[in-house]
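Here the structure comes first, spelled out in structure tokens, and everything after it is commentary.
Only a predicted model underlies this, so the values are computations on that prediction, with no experimental measurement involved.
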Amino acid sequence: MNSQALAEPATLESLLSGPGTTDGVFPAACPTRIVLDHVTSKWGVLVIVALAERSLRWGELRRGVEGISEKMLAQTLRLLETDGFVLREAQPTIPPRVDYSLTPLGQELAAQLLPLVSWIAGNTSRILSTP
């Protein structure tokens with residue numbers, strides 16, 4: 001695990017003065033926006049969290065992330081694989097077997113997302129009841 005996974009939580013000041021910003025502005029053309037879009041999409045977060053515990057097959061992912069269409073699952077897995085978060089392993093069996101798991105980078109990401117998802121789950125009723 002790299003040192004960033006163990007780093008203290010970022011402050012607004014450190015975000016505004018760090019990589020990806022210019023004079024306190026988040027530029028529209030910043031490459032971090034592409035990765036954020038992939039990772040923080042509704043389906044991206046749920047797929048990463050579903051894979052946090054163990055590798056899963058396509059059908060297991062479909063059942064574990066209720067409501068995702070085959071098209072969105074395929075697209076999300078492709079994006080996360082391209083970004084280096086998900087590993088796709090095809091087994092040479094009949095019928096074909098494909099397993100999906102998190103790469104070390106994906107595991108680091110999941111370690112950051114799980115507390116957020118847990119916080120959301122614990123505060124959903126309070127958030128949704130706000131007028």
Hey, what do you get for [atom1] ([X]) to [atom2] ([Y]), rounding to the nearest 0.5 Å?
{"X": "Leu114", "Y": "Leu109", "atom1": "CG", "atom2": "CG", "value": "9.0 Å"}
{"X": "Leu87", "Y": "Leu77", "atom1": "CG", "atom2": "CG", "value": "11.5 Å"}
{"X": "Leu46", "Y": "Leu73", "atom1": "CG", "atom2": "CG", "value": "11.0 Å"}

Review point. What about Val65 and Leu113, same hydrophobic cluster or not, with Ile/Leu/Val/Met/Phe/Trp/Tyr joined at side-chain heavy-atom distances under 4.5 Å?
Key: yes
Check your understanding: Can you list every pair that meets side chain to side chain donor-acceptor pair (under 3.5 Å) and has a residue in residues 38-48, with sequence neighbours left out?
Key -> His38-Asp83
Point to revise | Residue list, salt bridge (charged side-chain N to carboxylate O under 4.0 Å, His left out) with Glu66, at least two apart or on another chain | key: none
Side-chain donor/acceptor pairs under 3.5 Å, residues 47-64, sequence neighbours excluded:
residue: Glu60; atom: OE1; partner: Arg57; partner atom: N; Å: 2.7
residue: Arg62; atom: NE; partner: Ile68; partner atom: O; Å: 3.0
residue: Arg62; atom: NH1; partner: Glu70; partner atom: OE2; Å: 3.3
residue: Arg62; atom: NH2; partner: Ile68; partner atom: O; Å: 3.4
residue: Arg63; atom: NH1; partner: Gly59; partner atom: O; Å: 3.4

Point to revise | Non-neighbouring partners of Ser69 that pass side chain to side chain contact (heavy atoms under 4.5 Å, CB included), sequence neighbours left out | key: Lys71, Met72
Review point. Mind checking whether Val86 and Leu102 have side chains closer than 4.5 Å, heavy atoms only?
Key: yes
Check your understanding: Are the side chain of Thr82 and the backbone N or O of Arg78 linked by a donor-acceptor pair below 3.5 Å?
Key -> yes
Using a 3.5 Å cut-off and no angle test, enumerate the donor-acceptor pairs between side-chain atoms of residues 89-99 and protein atoms at least two apart in sequence or in another chain.
residue: Thr93; atom: OG1; partner: Pro95; partner atom: O; Å: 2.8
residue: Arg97; atom: NE; partner: Asp99; partner atom: OD1; Å: 3.2
residue: Arg97; atom: NE; partner: Asp99; partner atom: OD2; Å: 3.1
residue: Arg97; atom: NH2; partner: Asp99; partner atom: OD1; Å: 3.2

